[in-house]
Amino acid sequence: MLATVLPIAFALVSLAFVLSLVRFIKGPDLPDRILALDTLYINAIALLILLGLYLGSALYFEAALLIAVMGFVGTVALSKYLLRGDIME
Amino acid sequence: MLEWILALLVLIGAFFTLVGSIGLYKLPDFFMRLHGPTKATTLGVGAILLASALYFTFITEQTSLHEVLVTIFLFITAPVSAHLMAKAALHIKLKQIERTQNVSETERF
Amino acid sequence: MMLKKLFPHPILMLVLWATWLLLHNSLAPGHIVLGFILATFIPWLTSGFWPEKICLQKPLTLFKFLGVVLWDMLVANFTVAKLILGKNEHLQPSFICIELDITSPVGISLLANTISLTPGTVSCDLSADHRQLLVHGLHIKDAQATINEIKKRYEKPLMEVFTSC
């Protein structure tokens, strides 16, 4: 059952990835692009966990955790840049 | 039985991840777009992570709870980053769509 | 007294301990001991960054609150999914300003996070004096009703839990 469902899930999440990418390229403003990046990293986490389920390996979890941490720091740094006009003080 | 629950969770998760991105793609202005990813993706990824935790717990017969860590982390950070992005958008005076009500409220912040 | 000096932040310590064990995904005695050592030393070394004391008044209310929030999140996701997938022309986005009664900083940040995670609302900004919270709603029909709902459902229990001590 899981084997039939996983490819569908891959397709859905990949479509989500593409839609976020379109928004990232289209903009139109900087906050839109930051939000698109934020969504992209969450989609990447979903894809990685699905890959881990597909291959039956728990190894991908560490990568997902790292992406979650780094993605959050990246979003905060970019928003702070817009707020202060300076990356980190 | 377990297979069915896992399949359902994975499908729900993938569906909500997609809904979040559809919202990001098709809603008309930034503040409305903010709603899609912050909500839909947390439940979407949450459901997929739950499926993963269940799967590894029953396959390896060893409790696998570290997926909970990512779930909690996402649930805490998603609203924080949404708040910061909204604040940044207000700061650079991003235009809202015309039918937004009470825009005057934003000037006090 | 001695115990208080050794463990200045018991909640932070428990969180760190649990995080360490979850990261290693095991309950081996070695990890429990190592986690305990780290959970003792990290709050002690970083205590300069945690000036304010947090005290929970009614843990039971907090758990009930968590349950309510989790349930609301589930419902919120379906509501927002329906709003997003339906026709977007009829959506009525709106800004709302909520006058806060809650004063503790932890309480305010938890309230803002809760608002962002629940039905069609995202917290946008907090006024400098911490008295007003700006919220953006995706589809608001009655602003006053939404404010009352948030105040009754989320702010009241948080105020009970995070009163100053």
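Residue numbering restarts at 1 for every chain, and letters A, B, ... go by the order of the sequence lines.
A distance of 8.5 Å separates CD in B:Glu3 from OG1 in A:Thr4, rounded to the nearest 0.5 Å. Taking CZ of A:Arg23 as the reference point, atom CD1 of B:Ile22 lies at 13.0 Å (rounded to 0.5 Å). In this structure, the separation between OG on B:Ser81 and CZ on A:Phe72 is 6.0 Å, given to the nearest 0.5 Å. Between A:Leu37 atom CG and B:Met85 atom CE the span is 9.5 Å, to the nearest 0.5 Å. Note that the CG atom of B:Leu24 and the CG atom of A:Leu19 stand 8.0 Å from one another [nearest 0.5 Å]. To the nearest 0.5 Å, atom CZ of residue B:Phe30 and atom CG of residue A:Asp29 are 9.0 Å apart.
Aromatic ring pairs are classed by plane angle as parallel below 30°, tilted from 30° to 60° and perpendicular above 60°; the pair A:Phe61 and B:His66 is parallel.
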> Could you go step by step and tell me if A:Ile45 and B:Leu74 meet the side chain to side chain contact (heavy atoms under 4.5 Å, CB included) rule?
Replying inline: CA-CA 10 Å; A:Ile45 295 172; B:Leu74 277 180; 4.3 Å; yes

> Checking side chain to side chain contact (heavy atoms under 4.5 Å, CB included) for the pair B:Thr77/A:Val69: CA distance, chi angles, key distance, verdict?
Replying inline: CA-CA 9 Å; B:Thr77 57; A:Val69 175; over 6 Å; no

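The two residues B:Ser52 and A:Leu53 have their closest heavy-atom pair at CA-CD2, 3.9 Å. Residues A:Leu82 and B:Ile92 share a closest heavy-atom pair of O-CG2, 4.1 Å. Of all non-hydrogen atoms in B:Thr17 and A:Ala16, the two that sit nearest each other are O-CB, 3.8 Å. Nearest heavy atoms, B:Leu84 versus A:Leu83: CD2-CD1, 4.1 Å.
Interface remark: of the candidates B:Lys87, B:Arg33, B:Glu67, B:Lys26, B:Arg33 forms the most heavy-atom pairs closer than 4.5 Å to chain A.
Of the two parts of A:Asp38, only the side chain, counted from C-beta on, holds a non-hydrogen atom closer than 4.5 Å to a non-hydrogen atom of chain B. When heavy atoms are compared at a cutoff of 4.5 Å, A:Ile42 approaches chain B by way of both its backbone and its side chain. Contact annotation for A:Ala11: neither backbone nor side-chain heavy atoms come within less than 4.5 Å of a heavy atom of chain B. Contacts of A:Thr75 with chain B are made by side-chain atoms alone, with heavy-atom separations under 4.5 Å and no backbone atom involved. Looking at A:Ile34, the atoms closer than 4.5 Å to chain B (heavy atoms on both sides) sit in the backbone and in the side chain alike.
Inter-residue side-chain proximity for A:Val13 and B:Leu18 is flagged as unmet; no heavy-atom pair is nearer than 4.5 Å.
In the displayed structure, A:Tyr54 atom OH is contacted under 6.0 Å by at most 12 heavy atoms of other residues, nucleotides or ligands.
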